[in-house]
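These notes are about the structure you will find just below.
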Amino acid sequence: MTPLDPAKLPAGALPNPLIPGFNPDPSIVKVGGDYYLATSTFEYLPGIPVYHSTDLLSWTRIGHVVDREGQLDSRDVPTLGGAWAPTIRFHDGLFYVAVTDAMARGTLVFTATDPAGPWSDGLAIEGAIGIDQDLAWDEDGTAYMSYSGLDTVSGTIDGHGGILQVRVDLETGKALEEPRSVWSGTGLMFPEAPHLYKRGDYWYLMIAEGGTERGHSVSIARGTSPAGPFEGNPANPILSARSTDRPIQNTGHGDLVETPDGGWAMVLLGMRPKGMTRAFSALGRETFITPVTWEDGWPVAEPVILNPREGGFSYEDDFADAELDGGWIAVRRFPGAFASTEKDPGRLTLSSDGAGLDDARPAFLGRRQQSQVETISALVDAGVRESAGSSESGNGAGGLAVRYDEAHHYSIETDGTTITARARISSIEQSWTHAAPAGPLELRIETREPERGAGLNHLSPDTIALQAVIDGETVTLAELDGRYLSAETAASFTGRVSGVYASRGAVAFDWFRSTGREPS
């Protein structure tokens, strides 16, 4: 089958979001007839998923750059720390990912001969302190690292930094010169996300500006040398949704790529805000795609058009395999630290050391919420014994949760006698209880479109119902406003992650299911 060429498709025919759910800061590379795309993961592990495609339209996750201890120093990073804005590139037979380990190791470069992994331990680059590192090579093999001068290693962010650049030795991890400023964009705040390309006689430096919120945009400059000087495009910004009514907002942080038939496209991040004023983005920053043409030596990007894939989404895990699939992620530690499908084959067992969802390293195993309307469910057994051979009954507690960060999450759990639904919104907490029947219990969290009517429901992106199935009947313990689990309210850089957790002792799950669709 001949691959579809996004550059020759109408903009509305491209699937958007291209990779739904929490998949921000996409970077892409074409190697022969294959495409590889990587996104940010911040405090979640495994980190930096790598997706593969042959047509730019259908994508499969093939692995992670960070899949073992020591590659990122994520254990104690604050919310928003960890893996920021990877750039994936290929040079001279080797794949490279340059990334910021924010608030921890700083600038890192990982390498692999196979993008599915394994990847190297990560080489720290001395003399290139900033974020959003890019790699490019000139004709003689000299490596150039361009990056934003924002400093997150110290935990501070200066919104008026420019784009800096150094030549780097990728064998020793040392900058070969003092950083130099190569472009500051058009004057908007947060010039970041640089990518350097050679096309024809010019080197192009494309960046994001305006912050990753509603003012986000893409601008570009060009020069005859990879080191500049660079002249800005008179038509900048070449892409932005600011001050428009487009359903996809916050568009920016783009990366250019050649399409299968020689055209061009841009992958980028965006958000899908909902509610009457379209003020709240439940799923966070997702990966989108849009066609690009060239006019007078400059790229021209089409507006990003919403076009969800048909047929909805479904996922089921009966935990029959010895290893968890790569869609499961955990917070500041790898799933294997507290999750096992081998302790009780055919079931997932989570073991909590007493840390709950409010803590930095909960026993929480989640998946990215991909659809605007979604239901997750699981069969939960809180009566698991702490160790093999124990004659004592279990004293565990756990269930289902939808999480943005440790200060923003909704959950429903059972301890074998009581069902507790809970909402945590910053410093505010509320809970609801119901008697639990004996034995394993099916719990559900349903995300649905809010009922439009009196009150403030019309402002919310969705309603989240916390439920239990008791004697064949669905009992709703709480119906909660979804705006408090959104990017704008939580102010986190991730998105909703939904899954299973243990808050005390050991808890087993026979199965987990997730189904979703886009709003009608």
Side-chain angles (χ1 to χ4, degrees), residues 25 27 29 38 40 47-48 65-66 70-73 77 81-112 119-185 190-198 203-208 221-230 253 255:
D25 310 323
S27 177
V29 65
S40 297
I48 315 176
V65 174
V66 178
Q71 289 178 290
L72 285 180
D73 190 8
V77 296
W84 281 34
T87 292
I88 186 167
R89 294 293 184 258
F90 181 79
H91 176 73
D92 205 15
L94 203 59
F95 288 88
Y96 292 81
V97 164
V99 68
T100 309
D101 186 5
M103 292 84 165
R105 294 180 67 192
T107 301
L108 301 177
V109 173
F110 297 95
T111 57
W119 290 78
S120 67
D121 290 337
L123 178 67
I125 305 297
E126 298 178 18
I129 297 176
I131 67 168
D132 300 1
Q133 286 77 11
D134 175 77
L135 281 175
W137 291 261
D138 67 11
E139 291 83 353
D140 67 7
T142 299
Y144 291 82
M145 176 171 282
S146 304
Y147 57 97
S148 172
L150 307 182
D151 180 3
T152 62
V153 175
S154 65
T156 62
I157 296 179
D158 175 6
H160 300 285
I163 304 302
L164 305 180
Q165 187 186 83
V166 292
R167 292 176 298 119
V168 293
D169 184 332
L170 295 174
E171 294 292 330
T172 65
K174 296 185 182 298
L176 300 176
E177 58 192 331
E178 289 297 314
R180 58 181 175 276
S181 178
V182 289
W183 196 41
S184 295
F190 295 127
E192 56 191 351
H195 289 306
L196 187 63
Y197 316 91
K198 177 71 182 299
W203 287 86
Y204 291 84
L205 179 62
M206 191 169 76
I207 71 170
R222 70 185 183 189
T224 56
S225 165
F230 292 99
H253 204 113
D255 200 2

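No hydrogens, no waters, no symmetry mates; every other heavy atom, side chains included, goes into these values.
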Shortest non-hydrogen separation from A128 to V166 and the atoms involved: CB-CG2, 4.3 Å

Closest non-hydrogen atom pair between V97 and P86, with its separation: CG1-CB, 3.8 Å

Partner set under side chain to side chain donor-acceptor pair (under 3.5 Å) for E171, not counting sequence neighbours: none

Validation row: F230, L196 side chains within 4.5 angstrom (heavy atoms): yes

Distance in Å, H195 NE2 paired with L205 CG, rounded so as to fall on 0.5 Å steps: 10.0 Å

Residues in side chain to side chain contact (heavy atoms under 4.5 Å, CB included) contact with L135, at least two apart in sequence or another chain: Y96, A98, V109, W137, M145, V168, L170

A83: side chain to side chain contact (heavy atoms under 4.5 Å, CB included) partners, not counting sequence neighbours: T41, I48, L72, V99

Partner set under salt bridge (charged side-chain N to carboxylate O under 4.0 Å, His left out) for D138, not counting sequence neighbours: none

Spacing of I163 atom CD1 and I207 atom CD1 [to the nearest 0.5 Å]: 5.0 Å

Side chain to side chain contact (heavy atoms under 4.5 Å, CB included) partners for A85, two or more places apart: D25, S40, D132, H253

Side-chain donor/acceptor of T111 to backbone N/O of S120, under 3.5 Å: no

Euclidean distance, L123 CG relative to F110 CZ, rounded to 0.5 Å: 9.5 Å

Test item: side-chain donor near acceptor, Q133 and T87, under 3.5 Å: no

All pairs passing salt bridge (charged side-chain N to carboxylate O under 4.0 Å, His left out) where residues 82-98 contributes a residue, at least two apart: R89-D134, R89-D255

For the student: nearest non-hydrogen atoms of W203 and A136, plus distance: CZ3-CB, 4.4 Å

With sequence neighbours excluded, residues passing salt bridge (charged side-chain N to carboxylate O under 4.0 Å, His left out) with E178: none

From CH2 (W84) to CG (L108), nearest 0.5 Å: 14.0 Å

Nearest non-hydrogen partners of S148 and P191, listed with the distance: OG-O, 3.0 Å

Partner residues of Q71 under the side chain to side chain donor-acceptor pair (under 3.5 Å) criterion, sequence neighbours left out: none

Shortest non-hydrogen contact from A104 toward D73: CB-O, 3.3 Å

Counterpart residues, side chain to side chain donor-acceptor pair (under 3.5 Å), relative to Q165 (two or more places apart): S146, R180

Nearest-0.5 Å distance that lies between atom CH2 in W183 and atom CE in M206: 10.5 Å

Residues that T224 engages under side chain to side chain donor-acceptor pair (under 3.5 Å), provided they are two or more places apart: none

Residues T107, Y147; criterion side chain to side chain contact (heavy atoms under 4.5 Å, CB included); working and verdict: CA-CA 10 Å; T107 301; Y147 57 97; over 6 Å; no

Distance-minimising heavy-atom pair for A175 and G127: CB-O, 3.9 Å

Whether T100 side chain and A102 backbone form a donor-acceptor pair below 3.5 Å: no

